[in-house]
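Numbers here simply count residues along the sequence, with the first being 1.
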Amino acid sequence: MTPSILQLADEMWTGRRAPSSMVEPTMTTAEEVADGVLMVPGFGHAFALRHRHGLVLFDTGSAFLAEGLHRQVTAWDARPVTHAVWSHGHVDHVSGLGPFDADADARGLPRPEVVAHENVLARFRRYADTQGYNTVVNRRQFRLPDLVWPSEFRKPDLTFTDTHVIDTGGLRLELTHHRGETDDHVVGWIPDRKILFAGDLFLGVAPNAGNPQKVQRYPVDWAVALRRMASLDAGLLLGSHGVPIVGADRVREALVNTARYLETLVEQTLAALNDGATLTETLHRVQVPDDLAALHYLQPLYDEPEFVVRNVWRQFGGWYDGNPAHLKPATDEALALEIAALSGGAQTLADRALELAGRGSHRLACHLAQLAGDAAPDDRSVHAARAEVYALRAAEERSTMATGIFGWAEAASRGVLAGTDAMTELATAARPH
């Protein structure tokens with residue numbers, strides 16, 4: 001029997017069920033997780049809140065789940081949606097309003113008033129400016145070869161800078177701005193119910209504070225926001241990913257420990273910076289304390305501590321990594337050709353990479369496999385080895401970020417073997433056999 005969302009949340013907290021991802025596969029059906037609060041699971045969850053005049057949505061999910069969101073919300077309560085809040089401008093939180101707008105138009109009612117932080121507008125402009133880049137990045141990150149990044153977005157109707165209150169039909173939803181995963185993040189709080197809507201500031205896995213392919217994250221501000229949320233004494237924490245946390249003691253513990261997680265990564269990285277360490281030295285020096293690393297809601301299943309360190313470095317130290325050869329480098333191809341010539345050829349590098357990978361030395365193996373591929377971009381034997389090395393590396397990784405990038409590298413080399421490209425190979429691998 002499939003557990004309810006709240007049963008699943010309790011099983012996760014008590015260790016009876018191990019976390020598998022930000023989206024638990026058993027959470028497929030909407031569920032009322034508190035009186036008058038519907039949780040609609042998705043890659044980005046959405047929440048519907050009842051009030052006397054209709055509904056408020058907190059986050060609106062992904063475009064490909066929009067019809068399902070509308071169907072589940074209206075089956076629960078067919079009254080109009082009067083307001084929608086975006087916790088931030090990521091596409092899995094802002095893309096599900098289309099059917100609600102169409103429904104309002106058909107019924108001759110006002111469309112939902114969308115409330116968001118003012119920085120959402122700049123985000124949407126950036127998305128339009130970098131539509132091609134975001135298409136490539138998200139294909140690689142999520143291993144979705146057919147994904148096309150949108151260039152047009154529904155604009156919010158009302159934006160705010162620091163705080164805003166939606167007070168309607170007996171519902172008071174207080175909104176505050178915090179920087180964390182993004183610079184446009186909003187937290188929702190129903191004070192008389194002690195219900196906290198954390199958006200992406202609490203994920204149920206390690207914080208997404210380091211994503212290697214995305215813009216700056218703000219781990220210092222994020223920790224401050226977590227401690228502020230912990231001070232509210234919420235009895236129910238509803239994040240837009242992962243499972244809920246029920247009970248004031250559990251909520252406070254989860255928020256404080258997540259703050260500690262970010263704070264220790266920041267403190268250790270700054271200590272290394274102040275010691276004059278290079279970025280590579282810092283990456284191998286910073287460690288998550290054992291007590292935090294053991295917690296089910298801080299597992300590196302989406303992002304990783306190593307990537308957070310890089311983001312802290314970028315925020316406080318710039319992009320120079322401390323290695324003077326990297327300041328104005330040669331091309332990857334020129335360096336690879338020189339090292340291949342010194343070592344006996346690209347195949348020698350590829351063979352050694354396979355040997356190292358077989359021993360479990362995956363970091364070093366990837367360096368050599370990459371050099372081999374850069375030195376001999378059309379050599380099938382070299383790319384067969386490169387594909388194998390990256391496949392072994394991806395199989396050892398836990399986070400979405402790492403497996404996506406290493407899997408893309410494998411697919412690129414398999415594309416050389418097949419005379420295609422990485423996207424074609426990913427699509428082929430994804431088809432049922």
Checklist entry - Parallel, tilted or perpendicular: which fits the ring planes of H90 and H93, with parallel below 30° and perpendicular above 60°? => result tilted
Checklist entry - Would the number of heavy atoms belonging to other residues, nucleotides or ligands and lying under 6.0 Å from CG of D290 be above 12? => result no
Checklist entry - Among side-chain atoms of N257 and Y297, is any donor-acceptor pair under 3.5 angstrom? => result yes
Checklist entry - Are W13 and H296 near enough that their ring centres are under 6.0 Å apart? => result yes
Checklist entry - Side chains of Q268 and R285: is there a donor and an acceptor less than 3.5 Å apart? => result no
Checklist entry - Quick check: does any side chain N or O of N274 sit under 3.5 Å from a backbone N or O of L270, one acting as donor and the other as acceptor? => result yes
Checklist entry - With the threshold set at 4.0 Å, does a side-chain nitrogen-carboxylate oxygen contact exist between D10 and R250? => result yes
Checklist entry - Short question: side chain of E281, backbone of T278 - any donor-acceptor pair under 3.5 Å? => result yes
Item to check | Pair R352 + E355, salt bridge at N-O below 4.0 Å | outcome: yes
Item to check | W149 backbone acceptor or donor facing Q131 side chain under 3.5 Å | outcome: yes
Next on the checklist: Whether R414 and D421 form a salt bridge (side-chain N of Lys/Arg under 4.0 Å from carboxylate O of Asp/Glu) is what I want to check.
Outcome noted: no
Checklist entry - Quick check: does any side chain N or O of S62 sit under 3.5 Å from a backbone N or O of L65, one acting as donor and the other as acceptor? => result no
Item to check | SB check E181 K214 (cutoff 4.0 Å) | outcome: no
Item to check | Under-4.0 Å salt bridge between D101 and R154 | outcome: yes
Checklist entry - Would you find a donor on one side and an acceptor on the other, under 3.5 Å apart, between the side chain of W189 and the backbone of A234? => result no
Item to check | Lys/Arg N to Asp/Glu carboxylate O, E306 vs R363, below 4.0 Å | outcome: yes
Item to check | Mutual orientation of the aromatic rings belonging to Y390 and F406 [parallel < 30°, tilted 30-60°, perpendicular > 60°] | outcome: parallel
Checklist entry - Between the side chain of R139 and the main-chain N/O of L147, is any donor-acceptor distance below 3.5 Å? => result yes
Next on the checklist: Could you walk me through whether Q347 and D351 satisfy the side chain to side chain donor-acceptor pair (under 3.5 Å) test, starting with their C-alpha distance in whole Å, then the side-chain angles of each, then the deciding distance to 0.1 Å, before giving a yes or no?
Outcome noted: CA-CA 6 Å; Q347 190 62 54; D351 292 342; 2.8 Å; yes
Checklist entry - Once the angle between the rings of H241 and H45 is folded into 0 to 90°, is it parallel (under 30°), tilted (30 to 60°) or perpendicular (over 60°)? => result tilted
Next on the checklist: Could you tell me if S381 and D379 have a donor-acceptor pair between their side chains, going purely by distance under 3.5 Å?
Outcome noted: no
Checklist entry - Once the angle between the rings of F47 and F58 is folded into 0 to 90°, is it parallel (under 30°), tilted (30 to 60°) or perpendicular (over 60°)? => result tilted
Checklist entry - How long is the gap from CZ on R16 to CD on E11, to the nearest 0.5 Å? => result 5.0 Å
Checklist entry - Is there a donor-acceptor contact under 3.5 Å from the side chain of T264 to the main chain of Y261? => result no
